[in-house]
Colleague: 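Take a look at the following structure, please.
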Amino acid sequence: MAQDDVFKKIVSHAKEYGFVFPSSEIYDGLSAVYDYGQNGVELKNNIKRYWWESMTLLHDNIVGIDSAIFMHPTIWKASGHVDAFNDPLIDNRDSKKRYRADVLIEDAIAKIDEKIEKEVAKARKRFGESFDEALYRQTNPRVAENVAKREALHQRFANAMNAGDLEELRQIIIDQEIVCPISGTKNWTEVRQFNLMFKTEMGSTADGAMTVYLRPETAQGIFVNYLNVQKTGRMRIPFGIAQIGKAFRNEIVARQFIFRMREFEQMEMQFFVRPGSEMEWFKHWKEWRLRWHKALGLGDRKYRYHDHEKLAHYANAATDIEFEMPFGFKEVEGIHSRTNFDLSQHEKFSSKKIQYFDPELNESYTPYVIETSIGVDRMFLSVLCSSYEEQELEGGDKRVVLHLPAALAPVKCAVLPLVKKDGLPEKAREIVDDLKFDFTTHYEEKDAIGRRYRRQDAIGTPFCITVDHQTLEDNTVTLRERDSMKQTRVAIADLHKLIHDQVSLNSLLRRI
């Protein structure tokens, strides 16, 4: 099945089973804005809890805050967002559609990558275990030609982005004969910059109102509270401040479901270090964050690093952790060495001293910062996409199952009475009342037991507990495991431990 078709099915599944809904749907929706349903909000909260506890529980030198969305407008001038937070946009005159020029070129590079991987995949299938992939990539003429083409385009693109050369970006689009996906034509306008921040006004009257911005990132709330946290927490460098919160960007090219939205949520940690040690810590956090992702068991091959060609104005090093979505490898997390730019800028614009006195060196300095920044919504999408599977079962039956990491699953167990009589519902309710204090537990009695299993598979419930007539005799139930569909007879008294061992967040944290 084509990956586009798979992605469409995942989007449809997300709505049908209460994970993600189009926002304001009864009014025909609002572009690139989504609501999380009853199962989606549980999965999302579990992802956030996994991140939060991995930062604040596993590190005794990382604490959390929750800063306001509205902030003094000078903050965004100091951070560079007023002057530099722009995307290069280009319009197609025939379709009247607007695109990010850099994304069009990145998609063209991705298509060359796909050609290379298809050639390699065919050769791998043809030669089997004797296949030497590295040698094949070096010696096959078609692969070598595409690699050279890709590298030349990539270098030209990187040079244009680093130089902010909008004319060159347009020329690359023309030279690569990139067409508008809607009109199919190459009738492009000039490329121009567009600031992504949302503006609003704060004040009681139009004349007295102050222009403020919806924050485009949560990091600045950490930086302006650096001194508050450091002093009240008696923090010593190195230390980190973590935050989860909403951010807003007026994305013109919002697409691919919840991958790129105008209202989204971030999990960011700023780690303050001694100047000169930042590259050592940058390496540490690159490795640690990748371990965090891989602990979920979604497949190690689905992750890769991508080093930035064009660095942000505040950074001296930057790497993305990319995940293989149905539409290709895409960024889910960024690790940046932000130098001392942010604190220095806020010191300059606020006229307040924002420095750290290091008792070991007996001197004051502005700390350098390593940032880890992950999009909650992108993380949600990566978990959903990698978990979705359509299975052919024995006898021609089919099922759709979400192989969600058990600790992240919105529902941990479902209790199902075999029939709606003979005291089975009452016994099932007793089990629910016992388990619900520790696990999100569903009770369901409608339809045949097989259909109920399928519904729980579709939302990713790791365990189903079936109460039958034998239960009334010996206090045992059938425990069904989602992925293997294996059924085991267990005592009701053992249920809590059996489920806890599999669904506890601690089981994930210990893998990192």
Colleague: Roughly how far apart are Ser387 OG and Ile10 CD1, rounded to 0.5 Å?
Modeller: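 One finds 9.0 Å between OG of Ser387 and CD1 of Ile10.
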
Colleague: Do Ile69 and Phe248 have side-chain heavy atoms sitting under 4.5 Å apart?
Modeller: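 With C-beta onward as the side chain, the pair touches.
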
Colleague: Can you confirm whether Lys302 is buried at NZ, in the sense that more than 12 heavy atoms of other residues, nucleotides or ligands lie under 6.0 Å from that atom?
Modeller: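 More than 12 heavy atoms, drawn from other residues, nucleotides or ligands, come within 6.0 Å of this atom.
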
Colleague: So, Glu322 and Lys330, do they make that salt bridge, N to O below 4.0 Å?
Modeller: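 Between Lys330 and Glu322 there is no salt bridge, as every charged N stays at least 4.0 Å from the carboxylate O atoms.
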
Colleague: Can you check whether Lys286's main-chain N or O pairs, donor with acceptor, with Tyr305's side chain at less than 3.5 Å?
Modeller: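 Confirmed, Tyr305 side chain pairs with Lys286 backbone.
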
Colleague: Under a 4.5 Å cut-off applied to non-hydrogen side-chain atoms, are Met325 and Val332 in contact?
Modeller: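 Counting from C-beta outward, Met325 and Val332 do come under 4.5 Å.
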
Colleague: I need the minimum non-hydrogen distance between Phe439 and Cys413, along with the two atoms involved.
Modeller: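 Scanning both residues completely, I find the closest heavy atoms to be CB-SG, 4.4 Å.
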
Colleague: Would you check if the side chain of Arg399 reaches a backbone N or O of Gln391 as a donor-acceptor pair within less than 3.5 Å?
Modeller: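 Checking the backbone N and O of Gln391 against the side chain of Arg399, no donor-acceptor pair under 3.5 Å is found.
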
Colleague: State whether the side chain of Arg452 and the backbone N or O of Asp447 hold a donor-acceptor pair below 3.5 Å, judged by distance alone.
Modeller: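 Yes.
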
Colleague: Looking only at heavy atoms, what is the nearest atom pair of Ala409 and Leu404, with distance?
Modeller: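 Closest heavy-atom pair between Ala409 and Leu404: CA-CD1, 4.1 Å.
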
Colleague: Would you say the side-chain atoms of Asp300 pair up with the backbone N or O of Tyr303, donor to acceptor, closer than 3.5 Å?
Modeller: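 Answer holds: no.
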
Colleague: Ring-plane angle category for His308 and His336, please: parallel below 30°, perpendicular beyond 60°, tilted otherwise.
Modeller: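 Rings of His308 and His336: perpendicular, as their planes differ by over 60°.
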
Colleague: Roughly how far apart are Leu381 CG and Met261 CE, rounded to 0.5 Å?
Modeller: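 So the gap between those two atoms works out to 9.5 Å.
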
Colleague: Here's a test for you: under side-chain contact (heavy atoms from CB on, under 4.5 Å), which of Val383, Val401, Leu402 qualifies with Tyr388?
Modeller: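 Output: one option passes, namely Leu402.
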
Colleague: Report yes if the distance between the aromatic ring centroids of Trp292 and His59 is under 6.0 Å, otherwise no.
Modeller: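 No.
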
Colleague: Could you tell me the separation between the CG atom of Leu435 and the NE2 atom of His496, rounded to the nearest 0.5 Å?
Modeller: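 Atom-to-atom, Leu435:CG and His496:NE2 are 7.0 Å apart.
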
Colleague: Out of Phe257, Phe19, Phe21, which one pairs with Tyr34 under the ring pair (Phe, Tyr, Trp, His ring centres under 6.0 Å) rule?
Modeller: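 The option that passes is Phe257.
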
Colleague: Considering residues, nucleotides and ligands other than Arg126, do more than 12 of their heavy atoms fall under 6.0 Å from its CZ?
Modeller: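 Count over threshold, so yes.
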
Colleague: Answer yes or no: is there an ion pair linking Asp87 with Arg98, defined by an N-O contact shorter than 4.0 Å?
Modeller: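 Salt bridge between Asp87 and Arg98, a charged N being under 4.0 Å from a carboxylate O: no.
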
Colleague: State whether the side chain of Gln266 and the backbone N or O of Thr218 hold a donor-acceptor pair below 3.5 Å, judged by distance alone.
Modeller: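 Present.
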
Colleague: May I ask you to decide if Gly221's main-chain N or O and Gln243's side chain share a donor-acceptor pair within less than 3.5 Å?
Modeller: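 Judged by distance alone, no pair lies under 3.5 Å.
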
Colleague: Quick one: pull up CD1 in Ile47 and CG in Asp377 and give me the separation to the nearest 0.5 Å.
Modeller: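 Output value for this atom pair is 9.0 Å.
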
Colleague: Would you call Lys497 and Asp501 a salt bridge, taking side-chain N to carboxylate O under 4.0 Å as the test?
Modeller: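 Yes, this pair counts.
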
Colleague: Looking only at heavy atoms, what is the nearest atom pair of Leu296 and Tyr50, with distance?
Modeller: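 Closest approach of Leu296 to Tyr50: CD2-CE2, 3.7 Å.
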
Colleague: Walk me through it: do Glu119 and Lys115 pass the test salt bridge (Lys or Arg N to Asp or Glu O under 4.0 Å)?
Modeller: CA-CA 6 Å; Glu119 289 287 344; Lys115 288 181 181 179; over 6 Å; no

Colleague: More than 12 non-hydrogen atoms from neighbouring residues, nucleotides or ligands closer than 6.0 Å to CZ on Arg304, yes or no?
Modeller: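 Counting neighbours around CZ of Arg304, more than 12 heavy atoms of other residues, nucleotides or ligands fall under 6.0 Å, so yes.
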
Colleague: Under 3.5 Å, is there a donor-acceptor pair between the side chain of Asp422 and the main chain of Leu424?
Modeller: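 Not a single qualifying donor-acceptor pair exists.
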
Colleague: Do Asp175 and Arg156 make a side-chain contact, defined as non-hydrogen atoms from C-beta onward lying under 4.5 Å apart?
Modeller: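 Side chain of Asp175 against side chain of Arg156, heavy atoms only: contact under 4.5 Å found.
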
Colleague: Verify the ring-centre separation between Phe259 and Phe327: is it less than 6.0 angstrom?
Modeller: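 Yes, close enough.
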
Colleague: Any non-hydrogen side-chain atom of Lys9 less than 4.5 Å from a side-chain atom of Glu390?
Modeller: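 In short, these two side chains touch, coming nearer than 4.5 Å.
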
Colleague: Donor-acceptor pair, distance only, cut-off 3.5 Å: does the side chain of Arg482 make one with the backbone of Gln456?
Modeller: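 Not a single qualifying donor-acceptor pair exists.
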
Colleague: Do Arg455 and His442 have side chains that get closer than 4.5 Å, going by heavy atoms?
Modeller: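 In short, these two side chains do not touch, never coming nearer than 4.5 Å.
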
Colleague: Counting distance only, does the side-chain N/O of Ser54 pair as donor-acceptor with the main-chain N or O of Trp51 below 3.5 Å?
Modeller: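 Yes; judged by distance alone, with no hydrogens or angles, the pair exists.
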
Colleague: Check Lys48, Arg378, Lys246 against Glu265 for a side chain to side chain donor-acceptor pair (under 3.5 Å) and give me the one that passes.
Modeller: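 For Glu265, the side chain to side chain donor-acceptor pair (under 3.5 Å) test succeeds with only one of Lys48, Arg378, Lys246, which is Lys48.
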
Colleague: CG of Asp307: more than 12 outside heavy atoms within 6.0 angstrom?
Modeller: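 Yes - once you tally the heavy atoms of other residues, nucleotides and ligands closer than 6.0 Å, there are more than 12.
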
Colleague: One thing to verify: whether Arg454 and Asp457 come together as a salt bridge, which I'm taking to mean a side-chain N less than 4.0 angstrom from a carboxylate O.
Modeller: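 Salt bridge flag = yes for Arg454 with Asp457.
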
Colleague: Look at the rings of Tyr99 and Trp188 and say which category their plane angle falls in: under 30° parallel, 30 to 60° tilted, over 60° perpendicular.
Modeller: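 Plane angle over 60°, so perpendicular.
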
Colleague: Would you please test Lys427 and Glu430 for salt bridge (Lys or Arg N to Asp or Glu O under 4.0 Å) and show each step?
Modeller: CA-CA 5 Å; Lys427 189 65 176 178; Glu430 288 180 19; 3.6 Å; yes

Colleague: Do Leu416 and Tyr453 have side chains that approach each other closer than 4.5 Å (heavy atoms only, starting at C-beta)?
Modeller: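 Yes, side chains in contact.
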
Colleague: Any side-chain heavy-atom pair from Arg100 and Leu89 closer than 4.5 angstrom?
Modeller: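 Contact flag for Arg100/Leu89 side chains = yes.
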
Colleague: Evaluate side-chain hydrogen bond (donor to acceptor under 3.5 Å, both in side chains) for Gln502 paired with Glu481, printing each intermediate quantity in order.
Modeller: CA-CA 11 Å; Gln502 298 298 317; Glu481 197 273 332; over 6 Å; no

Colleague: Looking at Arg215 and Glu268, is there a salt bridge between them, counting it only when a charged N and a carboxylate O are closer than 4.0 Å?
Modeller: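 No.
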
Colleague: Is there a side-chain contact between Ile112 and His154 in this structure, where contact means two heavy atoms from C-beta onward sitting under 4.5 Å apart?
Modeller: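 Not in contact.
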
Colleague: Between Arg489 and Thr476, is there a donor-acceptor pair closer than 3.5 Å when you use the side chain of the first and the backbone of the second?
Modeller: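 Answer holds: yes.
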
Colleague: When you check the gap from the basic side-chain N to the acidic O, do Glu426 and Arg429 get nearer than 4.0 Å?
Modeller: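 Arg429 and Glu426: not salt-bridged.
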
Colleague: Before accepting this row, confirm whether a basic side-chain N of the pair Arg137/Glu133 lies closer than 4.0 Å to the acidic partner's carboxylate O.
Modeller: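 Looking at Arg137 and Glu133, the cut-off is met.
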
